[in-house]
Every structure is written in structure tokens, then in C-alpha cells.
Amino acid sequence: METGTIPLADLAGGMDLYRTLESGQTYLWRREDGEMYRTEPAPGTWYSTVVDGEVIRVRTADGRLEWQSTTDAEPTVRRLLRLDDDLEAIVDAAPDDPLLREAYEAHRGMRLVTDPAFGCLISFICSAQMRVSRIHGMVSTLAREYGTPLDVDGRTYYAFPTPEQLATATEAELRELGLGYRAPYVVRTAEMVADGEAHPAEARNLEYEAARDYLCQFVGVGDKVADCVLLFSLGFDEAVPLDTWIKSAIEDYYPDCDRGSYAATSRAIRDRLGGEYAGYAQTYIFHHLRTGE
DNA sequence: GACCAGGTAGCAA
DNA sequence: TTGCTACATGGT
């Protein structure tokens, strides 16, 4: 394993690995004590993921972010965890409203993530009407059942399945694995990508609302899931997924932003939350309200 | 035993 | 376009 360290002091605005990886943005990392979404991790607990066939582990200890990987992964770690974001500047530039200030203050160091597009897409198809801990469980199950296992230093890691691997699954199998009514959505979307009909990464080159419409062609993907993929994978920091929590925030804190339709409400709340980095603001508000912390 | 969870598809008006 | 409703499943 190759290793490296990055001083947390070099990361403007800090880095809270726990809040970043356990705030319901990404379901593609696993905590090596197996207690993800149940308890706070002990200091120095490792998280791991697999990207492009390479195992990557990260943890924070002694004021540093440490990584280990089967390859030189520092550029990948920087990308996945958005270490080059100037979080301090993002927070300072955010609109000065009470809820947002409170959320940013309560969760200092939480960063957005960059997930691989296909894994992110499937994760959020699974997320419909589901608690974050169970979404994580489903995604882990898909990796274990259909992904490529990698044995490194006596541990087995599972890559999230490729579109081709996941397209071999049947609806019945996925129902058996507890995906419920999402099972056919996952199979059909995997088939669409495997067949070359469309690929979520294609949306990266489009204008924001066109990108959202593009993603909605996948089965099981509506406006909200599309916004999650844009925000957590494709670099659209202005995307504001309108989920149950942000809708309650709109009702309680930004009632004038409720414009009826998803598209119109989305534009209004995006402007209210600062436009360019509205998705950052949304993620903090989501986590703040959902955890009650 | 309701009620809820990072909603969407399908259909009617 | 907008407004229902059915859809699985596990935790509280």
C-alpha cells in the first residue's frame, strides 16, 4: 500500500471526515468498524472505498488526513473529498440567514463529496423513501453481491458493480436483497448504461437544468434524485435537491420560495441559498435538520 | 399498528 | 402541466 498525509491545517475551513462521509451524501464509503450511521467513530477510524479498481482508505489522526491505497491516490483523494475547496470562503460568502449560519456553525469541516457517477446514480435511485442507514446497507449489499472483490492486506473490499455487472441482476434477485419497488428501477437503469443508451456522466457537459432533464431519462430518477447526482457527483454546486427535509425548511424558514412546481421552487430556493454554492448550503441544512444537531 | 423514510411512475383530468 | 395513488421494507 502506498501512503500519504495531508495536514488538516492546509485545508481552508478544515475537514471533518465523519460529517463528510456520514451525512447522507455518499453511500460508496464504508467505515471499517462496521458501525456507520450508528455511532460516532473512535478517533483514527478508517473509511474505505474502491475507485477504478483501486482500494482507498482514509482517516484523520494527529491533525492530519492520512490515506492508503493500492496506487498513488492523492489526486483521487483530493477529488473525492473535495480537499481543494476553500470551505472557509464558501461559508463566508453564504447568505447571512439564521438557519444557514446555524447549520454551518454546527457542522464545521463538512465537505461535499465527488462520487463516481454510476454508483451515485444507483445510490440515489435506492434512496427513494428510505432512511440513510438503509440506503447505505442496500448499496453495500449491491457491492457485495455484484461488485468485484479485492483482497488487500487480509481484508476484502468490494468495488461498486459496473453497469455491466449490475445489469446481470434480475428484478427478483434485487427484491430478494430488500430493494423493494426500487428493484426494477436499478435493473433497467443499469441496462440503459450498460447498453450505451445513456450515461450519467454525459450530463456533466450540459447546462444545469438541461443536465437535470437528461438524468431524468433513467428509470427511477426524478428531479430530486437527478439533483443529488448533479450535486454529489457531477460538480453542479448550485443544485438544490428538494427532499422532505429541505421542503420542511422551505415551509418553516423560506415560505416565499414555495412556487408550487419543482422547477420554480428550485430556482427560488437556489437564489435564496446563494446561487453558485446553494448545494453546499442545502447539504448543511439537510444534515442539520435531519440529525437535529 | 400506525407512521415515516434524501420519491417516482403511471394515469386521469 | 398538475394532481392523485400505488409502490416495499424495516425501524420507532
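Order of the sequence lines sets the chain letters (A, B, ...), proteins ahead of strands, with each chain counted from 1. Predicted model, so just to flag it, every value in this text is computed and none were measured.
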In whole angstroms, how far is the P atom of C:dA8 from the CD1 atom of A:I135? 18 Å
Determine whether any donor atom in the side chain of A:R134 lies under 3.5 Å from an acceptor atom in the base of C:dT9, or the reverse, and answer yes or no. yes
Do A:D85 and A:I90 make a side-chain contact, defined as non-hydrogen atoms from C-beta onward lying under 4.5 Å apart? yes
A:S261 has a side chain; which of B:dG6, B:dG7, C:dT2 sits nearest to it? C:dT2
Can you confirm whether A:T168 sits close enough to A:Y146 that some side-chain heavy atom of one is under 4.5 Å from a side-chain heavy atom of the other? yes
P gap between B:dC11 and C:dA8, integer Å: 15 Å
Whole-Å P distance, B:dC3 and C:dT5: 16 Å
Nearest-Å distance, CD (A:E173) to C1' (C:dA8)? 18 Å
Under 5.5 Å centre to centre and under 30° between planes: does that hold for A:W245 and the six-membered base ring of B:dG6? no
A:R290: which residues meet the side-chain hydrogen bond (donor to acceptor under 3.5 Å, both in side chains) condition with it, sequence neighbours left out? none
Nearest whole angstrom, please: distance from the P of B:dC3 to the CZ of A:R131. 14 Å
What distance, rounded to whole Å, do you find between the two P atoms, one in B:dG6 and one in C:dA6? 23 Å
Validation row: A:R212, A:S266 side chains within 4.5 angstrom (heavy atoms): yes
Nucleotide B:dT8, atom C1' - distance to NZ of A:K247 in whole Å: 11 Å
Could you tell me how far apart A:Q129 (CD) and B:dG6 (P) are, to the nearest whole angstrom? 9 Å
Protein N or O to nucleotides 9-13 of chain B N or O, pairs below 3.5 Å:
residue : atom : partner : partner atom : Å
B:dA9   : OP1  : A:G220  : N            : 2.9
B:dA9   : OP1  : A:V221  : N            : 3.4

Spacing of A:Y262 atom OH relative to B:dG7 atom P, expressed in whole Å: 11 Å
Side chains of A:M15 and A:L81: closer than 4.5 Å at any heavy-atom pair? yes
Using the P atom as the point on both nucleotides, what is the distance between B:dT8 and C:dG11, in whole Å? 24 Å
Which is true for A:R175 with a 4.0 Å heavy-atom rule: it touches a base, it touches only sugar-phosphate, or it touches nothing? sugar-phosphate
Just the rounded figure in Å: distance from P of B:dG6 to CD1 of A:I246. 14 Å
Is there, by distance only and without an angle test, a donor paired with an acceptor across the side chain of A:Y181 and the base of B:dG7 below 3.5 Å? yes
Parallel, tilted or perpendicular, as decided by the 30° and 60° cut-offs, for the rings of A:F232 and A:F124: parallel
Less than 4.0 Å between a side-chain N and a carboxylate O, is that true for A:R82 and A:D237? yes
Could you check how far CG of A:L242 sits from P of B:dT8, rounded to whole Å? 10 Å
Nucleic acid contacts of residues 112-127 of chain A, taken as heavy-atom distances under 4.0 Å to DNA chain B: A:F124, A:S127
Please check this pair: side chain of A:S133 against backbone of A:Y37, looking for a donor-acceptor N/O pair closer than 3.5 Å. no
Can you find a heavy atom in the side chain of A:H199 that is under 4.5 Å from one in the side chain of A:F218? no
A:L80, A:D115, A:L28 screened by side-chain contact (heavy atoms from CB on, under 4.5 Å) with A:V51, the one that passes: A:L80
